[in-house]
Each structure stands twice: as structure tokens, then as C-alpha cells.
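The structure appears below as C-alpha cells.
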Amino acid sequence: MDSALVAAGERRIGWAARSMPVLTAIGERFAAERPLDGLRIAACLHVTAETAVLMGTLKAGGAEIALAASNPLSTQDDVAAALGEYGVGVHARAGVDRETYYRHIHQALDISPDVVLDDGCDLVNILHTERTELLERVSGGCEETTTGIIRLRQMAAERALRFPVVAVNDTRTKRMFDNRYGTGQSTIDGIMRATNTLLAGKTVVVAGFGYCGRGVAERARGLGARVVITEIDPVKALDASLHGYDVQPMTGAARAGDVFITVTGNRDVIRGEHLAAMKDGAILANAGHFDVEIDVRALDELAQAVHRGVRPNTDEYVLADGRRLLLLAEGRLVNLTAAEGHPAAVMDMSFSAQALAVAWLARERAGLAPGVYDVPQEVDVEVARLKLAAAGIEVDTLTAEQEKYLHSWRLGS
Ligand SMILES: NC(=O)c1ccc[n+]([C@@H]2O[C@H](COP(=O)([O-])OP(=O)(O)OC[C@H]3O[C@@H](n4cnc5c(N)ncnc54)[C@H](O)[C@@H]3O)[C@@H](O)[C@H]2O)c1
């Protein structure tokens with residue numbers, strides 16, 4: 001093992017841990033109580049320093065872990081090296097091709113897990129299609145992201161899902177901090193690192209005004225950009241409009257935008273007809289889970305020439321009339337590829353919910369039927385309470401009278 005790489009990974013993990021007081025506190029509790037003793041976990045997560053802190057917490061609780069990447073471009077090789085030294089089985093390397101990416105997931109599954117952790121449902125999908133011999137042992141799982149939950153709910157509706165999965169994505173703490181503040185800041189960070197563009201005065205088109213899109217729009221506006229929102233949901237579109245954003249279909253927005261950011265979880269949000277209408281120098285970035293939001297094939301077909309790597313993570317597509325469109329991170333998650341993903345302080349919240357959900361599963365799994373489960377409310381509240389305590393922030397508590405007032409319909413107003 002390259003000792004310089006391991007040392008760099010350890011430094012990076014140590015830096016992340018400084019901003020993760022909740023997960024660290026849970027790790028200390030796990031080390032004392034060992035709630036995961038004997039549990040084998042296969043995880044498919046972004047192999048980053050924050051994930052390494054989660055792996056350390058689960059290991060402190062007694063788990064044996066194999067980890068594969070949930071995105072080939074986001075792996076931090078130094079972190080992977082350091083994790084290997086801690087005794088976590090890591091199957092990940094930055095920039096691997098599709099075939100290797102899936103081989104790594106298979107290798108993580110070779111641990112024959114009791115519990116699986118997924119981010120986008122790839123591992124659960126392989127378990128249910130190609131590695132069905134392992135299903136009997138698996139008694140629970142956690143899913144980290146919106147797209148993964150959508151797939152799991154479809155599987156559950158078709159009675160295809162064979163074990164209980166906790167929707168870690170659906171906690172109030174995760175959605176608010178990870179999708180909104182985390183994706184919001186790191187997506188803008190990725191675009192700035194890749195292009196060094198000045199956002200003030202630019203027109204930034206955000207496709208999708210969900211949790212992530214709202215965060216991206218707020219940050220872009222904060223930097224002085226004019227923000228245009230595209231939506232398909234009338235309620236979200238109205239909400240965006242009342243926030244003061246210009247709302248348009250992509251057809252109109254395509255002509256106006258300097259920077260385009262897709263965060264819908266959908267496919268073909270920016271298509272050939274939109275690309276053909278864009279200005280010279282338009283920047284295209286995706287922060288939704290898969291690389292299908294921007295139709296990269298259509299971009300390839302439109303382009304007369306492609307200049308790869310005009311800047312790190314930036315490819316320039318030259319159209320027939322000389323206009324240049326700049327695609328960031330090959331249309332994959334820009335915040336993970338061109339920046340460092342969510343700041344550690346944000347991952348502290350979702351990974352703390354993840355760690356407590358694994359402990360909950362370890363306790364309760366025998367009595368749970370296959371299906372998608374919400375994170376128990378007490379886990380959500382516990383994470384927020386620990387985070388507030390770490391920040392030295394106190395909140396009010398209900399008086400006995402207030403409690404009674406809120407919970408008794410017999411009392412009039
Ligand atoms: N980059 C990251 O780090 C990161 C973090 C969390 C989630 N995600 C991903 O981001 C995506 C969005 O997550 P979310 O939590 O905001 O979901 P969400 O469901 O809250 O929001 C998605 C929005 O996109 C809209 N939409 C769907 N199709 C559209 C289209 N064709 N044009 C315009 N709008 C459209 C929906 O109406 C919805 O309002 C998901 O794929 C999720 O997995 C990425």
C-alpha cells in the first residue's frame with residue numbers, strides 16, 4: 001500500500017471528522033454499546049472522507065464492512081487507501097469504467113451481507129437480479145437518495161422487494177440539510193471550480209424546484225445571478241414564482257441561460273432542441289442523481305468537434321455555426337465530480353441518521369416485513385438535538401400546559 005496515499009487519506013478523514021460532531025458522538029456510544037456486533041454490511045456509497053467517518057462509526061459498533069462506490073467519478077483514492085488500512089474492504093477506484101464499477105459492487109456483495117447501505121439502488125438492484133442467492137441472509141437495508149427511494153417504492157409496490165429498507169433520504173434532517181444546503185452549495189462550488197465563471201449578472205437556469213433545486217437557486221441568487229426555474233409540477237412552479245424567480249419552460253429558458261443546472265431526478269430534461277437554441281459559451285451541469293438529465297448523446301450528435309478537458313471536468317462541444325457549449329463532469333453529478341460533494345457538516349446529519357437507522361434495523365429487523373420504512377421519528381429528532389448541542393444552541397421545550405393544549409381536542413381555543 002502506498003503510505004503517502006494512506007497518510008493523505010487519513011488527513012482528509014481527520015479534517016472531515018472535525019465537522020462531524022454528531023457522528024463522532026454516536027461512534028463513541030457505539031464503541032461502548034457494540035449494537036452491531038457480528039453484523040456484516042455491504043455498502044455502495046460515495047467513497048469520500050465523510051463516508052469514511054460513517055464506516056468508522058459502524059465499525060466501532062462491531063460491524064464488518066465491504067464498501068463499493070456508488071459513482072465511479074466521486075471516489076477519493078487516498079480515502080479508499082486509508083479505509084483499507086482500517087480494515088474496511090474497499091472496492092473502489094476513481095474513474096473506473098462501467099464494467100469495473102459493477103464488478104466492484106459484486107465484490108462488496110461477496111461479504112454476504114446481513115444489512116446493505118445503498119445510494120441510488122444499484123446494489124439492491126444487483127442483489128435482486130444477479131445475486132439472488134444472497135437474498136436469504138439479507139435482513140435489512142438503508143437507502144440514501146431520492147432516486148433510490150423511488151425505485152425501492154416501485155419494487156415494493158410490485159412485491160419484488162425482499163427485505164425492509166429504511167428511507168434515510170426521507171428524514172426532515174436529511175432533506176433539509178443534505179438536499180437543500182449541501183447540494184445547493186456544492187453544486188455552485190463545482191461549477192465555479194470547473195469553469196471559474198463569475199455568476200453575478202449571469203442567467204442561471206435551474207431545472208427542478210424540489211429540495212435540491214431550491215437550494216441551488218438560493219445560492220445562485222445569493223451570488224448575484226438572475227435565476228430562471230423550469231418545472232413540471234404546477235405547485236412547485238407557483239412556489240418558485242412567489243419566491244420571485246422567473247419560471248419558464250425549458251424551450252424559452254434555453255435561449256436565455258448562461259448556466260444550466262438540472263436537479264430533477266428525471267431524464268432528457270435538456271434535449272437536442274434545447275441545446276440547439278443555446279447561447280455561445282453556455283455551461284451545462286447536472287446535480288440530479290444520474291447522467292441522463294442532460295441528453296449527452298444529442299449533444300454529441302449536434303457537435304462538429306469536441307474538445308475534452310478544456311479545463312478540469314469541462315468538455316467543449318463546438319456546434320456547426322461555431323457556438324461552444326461547455327459540458328461539466330460528462331453530465332454526471334457536478335458537485336461530487338468537480339467539487340467535493342456536500343460539506344462534512346451536512347453529511348454529519350444524514351450519516352448520523354444512517355448510523356442510528358442501522359442500529360435500529362439490527363434491533364428490529366426480525367419483526368419487519370419487506371417494504372420501505374420511514375426513519376423512526378425519534379432518530380430524526382435525536383440527530384437534530386445532538387447537532388444543536390454540538391453548536392451550543394438551546395431551544396425551548398413545551399410547558400405541561402402547552403403540551404395539553406396541543407394534544408387535547410377537548411380544550412377550545
Ligand atoms: N447532487 C447531489 O448531491 C444530490 C443530493 C441529493 C439528491 N440528489 C438528486 O437530485 C434529484 C432531485 O432531488 P430532490 O430531493 O430535489 O427531489 P424532489 O422530488 O424534491 O425535486 C425534483 C423536482 O424536479 C421536478 N421535475 C421532474 N421532472 C422535471 C422536468 N422534466 N423539468 C423540470 N422539473 C422537473 C419535480 O417536479 C420536482 O419538483 C434526485 O435525482 C436526487 O437523487 C442529488
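The model shown is predicted, which means the values in this text are computed figures rather than measured ones. Both counts, for ligands and for their atoms, begin at 1 and track the order of listing. Values below: all heavy atoms of this structure, side chains included; hydrogens, waters and symmetry mates excluded.
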**OP:** Scan residues 240-258 for pairs that pass side-chain hydrogen bond (donor to acceptor under 3.5 Å, both in side chains), counting only residues two or more places apart or in two chains.
**Re:** D239-H243, D246-Q248, D258-K279
Subject >> Atoms in ligand 1 flagged as close to T230, the criterion being non-hydrogen separation under 4.0 Å >> reply: 33 (C), 34 (N)
Original post:
Taking only heavy atoms of T183, which atoms of ligand 1 are found under 4.0 Å from at least one of them?
Top reply: 1 (N), 2 (C), 3 (O), 4 (C), 5 (C), 6 (C)
Subject >> Steps toward side-chain hydrogen bond (donor to acceptor under 3.5 Å, both in side chains) verdict (T100, D97) >> reply: CA-CA 5 Å; T100 314; D97 59 21; 2.5 Å; yes
**OP:** Below 4.0 angstrom from a heavy atom of K236, which ligand 1 atoms are there? Numbered from 1 as shown, please.
**Re:** 38 (C), 39 (O)
**OP:** Find all atoms of ligand 1 within a distance of less than 4.0 Å from any non-hydrogen atom belonging to L333, and give their numbers and elements.
**Re:** 1 (N)
Original post:
Can you tell me the protein heavy atom closest to atom 8 (N) of ligand 1 and the distance?
Top reply: C212 SG, 3.8 Å
Original post:
Do we see a donor-acceptor contact under 3.5 Å between the side chains of T173 and D380?
Top reply: yes
Original post:
In chain order, what residues pass the ring pair (Phe, Tyr, Trp, His ring centres under 6.0 Å) check against Y317, with sequence neighbours excluded?
Top reply: none
Original post:
Of the choices V263, N335, T262, T147, which has the non-hydrogen atom that lies closest to atom 12 (C) of ligand 1?
Top reply: V263
Subject >> Shortest reach to atom 30 (C) of ligand 1 by a heavy atom, considering only I232, V235, D178, V292 >> reply: I232
Original post:
E293 and T264: side-chain donor and acceptor closer than 3.5 Å?
Top reply: yes
**OP:** Run the numbers for me: atoms of ligand 1, each under 4.0 Å from some heavy atom of D233, listed by number.
**Re:** 37 (O)
Original post:
Judging by distance only, is a nitrogen or oxygen of A287 under 3.5 angstrom from one on ligand 1?
Top reply: yes
Subject >> Atom indices of ligand 1, in the order listed, that fall short of 4.0 Å to a heavy atom of H342 >> reply: 3 (O), 5 (C)
Original post:
Which of the atoms in ligand 1, numbered in the order shown and given with their element, are less than 4.0 Å from a heavy-atom of T145?
Top reply: 7 (C), 42 (C), 43 (O)
